[in-house]
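Report on the following structure.
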Amino acid sequence: MDKDFGFIIPSYCSTDIHFLQLKRCLNSITKFHPRKQVIVIDDYSDINLSEDLKEYKNVKVIMSPVKSAGDMVTYKVFKDNPLFKRGII
């Protein structure tokens, strides 16, 4: 796995439509960057993202450390999880 850069996606999925959009995003990233790590910040979704995204081998789901702040804690998650040198949010 290439650790030069990776992706961070803050996400809250309350419906299947939200989940399908997240999968669409992941599919686009993995299509063009199949060896890159992706961190999904789960902002306390109603859907179990850890379980439902197991099919993606380079995706790591991390629960947001602060509820309703998934988009605001991206730097903290990046800093606390040194999976790559640079992150694309």
Side-chain angles (χ1 to χ4, degrees):
M1 188 177 330
D2 185 355
K3 296 184 179 227
D4 187 39
F5 72 90
F7 297 88
I8 301 173
I9 305 171
S11 182
Y12 171 74
C13 295
S14 62
T15 67
D16 287 340
I17 292 172
H18 297 144
F19 183 63
L20 289 174
Q21 291 303 316
L22 174 60
K23 286 182 72 171
R24 182 176 169 227
C25 182
L26 291 171
N27 289 337
S28 292
I29 291 171
T30 56
K31 177 179 178 182
F32 296 104
H33 304 281
R35 299 185 63 219
K36 297 297 182 185
Q37 181 75 41
V38 180
I39 295 175
V40 175
I41 302 173
D42 184 359
D43 199 7
Y44 295 83
S45 294
D46 297 333
I47 296 169
N48 185 345
L49 296 184
S50 294
E51 187 63 35
D52 292 343
L53 294 177
K54 280 187 176 180
E55 67 188 84
Y56 296 93
K57 71 175 190 170
N58 292 339
V59 173
K60 180 176 182 177
V61 178
I62 297 173
M63 189 61 72
S64 174
V66 180
K67 190 172 184 176
S68 300
D71 56 339
M72 295 187 294
V73 298
T74 52
Y75 179 72
K76 178 177 177 19
V77 169
F78 174 70
K79 188 178 95 174
D80 293 348
N81 296 278
L83 299 172
F84 36 81
K85 295 176 186 173
R86 290 177 282 178
I88 298 170
I89 301 170

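These numbers were taken from a predicted model, which means no experiment stands behind them.
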Pairwise distance CD1(Ile17) to CZ(Arg24) - rounded to 0.5 angstrom: 13.0 Å

Taking atom CG of Asn58 and atom NE2 of His33, what is their separation to the nearest 0.5 Å? 12.5 Å

Phe19 versus Leu53: any side-chain heavy-atom pair under 4.5 Å? yes

What closest approach, in Å, do Tyr12 and Asp46 show between heavy atoms, and which atom pair accounts for it? OH-OD2, 3.3 Å

Count I, L, V, M, F, W, Y as connected when their side-chain heavy atoms are under 4.5 Å apart, and connections chain through other members. Are Leu20 and Val61 then in the same cluster? no

Please name the pair of heavy atoms, one in Lys85 and one in Asp4, separated by the smallest distance, quoted to 0.1 Å. CB-O, 3.4 Å

Just wondering, more than 12 heavy atoms not from Asp80 lying within 6.0 Å of its CG? yes

Grouping I, L, V, M, F, W and Y whenever their side-chain heavy atoms are under 4.5 Å apart, do Ile89 and Ile41 come out in a common cluster? yes

Can you name the nearest heavy-atom pair linking Ser45 to Cys13, along with the distance? OG-N, 2.8 Å

Are Asp16 and Ile47 side-chain neighbours, meaning at least one heavy-atom pair lies under 4.5 Å? yes

Would you say Leu49 and Leu22 make side-chain contact, with heavy atoms under 4.5 Å? yes

What I'd like to find out is whether the side chain of Phe7 reaches to under 4.5 Å of the side chain of Val40, using heavy atoms alone. no

Identify the two heavy atoms, one from Ile8 and one from Phe84, that lie closest to each other, and give their separation to 0.1 Å. CG1-CZ, 4.0 Å

To the nearest 0.5 Å, atom CG of Asp42 lies from atom OG of Ser11 at 6.5 Å

State, with a plain yes or no, whether a side-chain heavy atom of Ile9 is found less than 4.5 Å away from one of Ile29. yes

Straight-line distance of Lys23 NZ to His18 NE2, nearest 0.5 Å: 15.5 Å

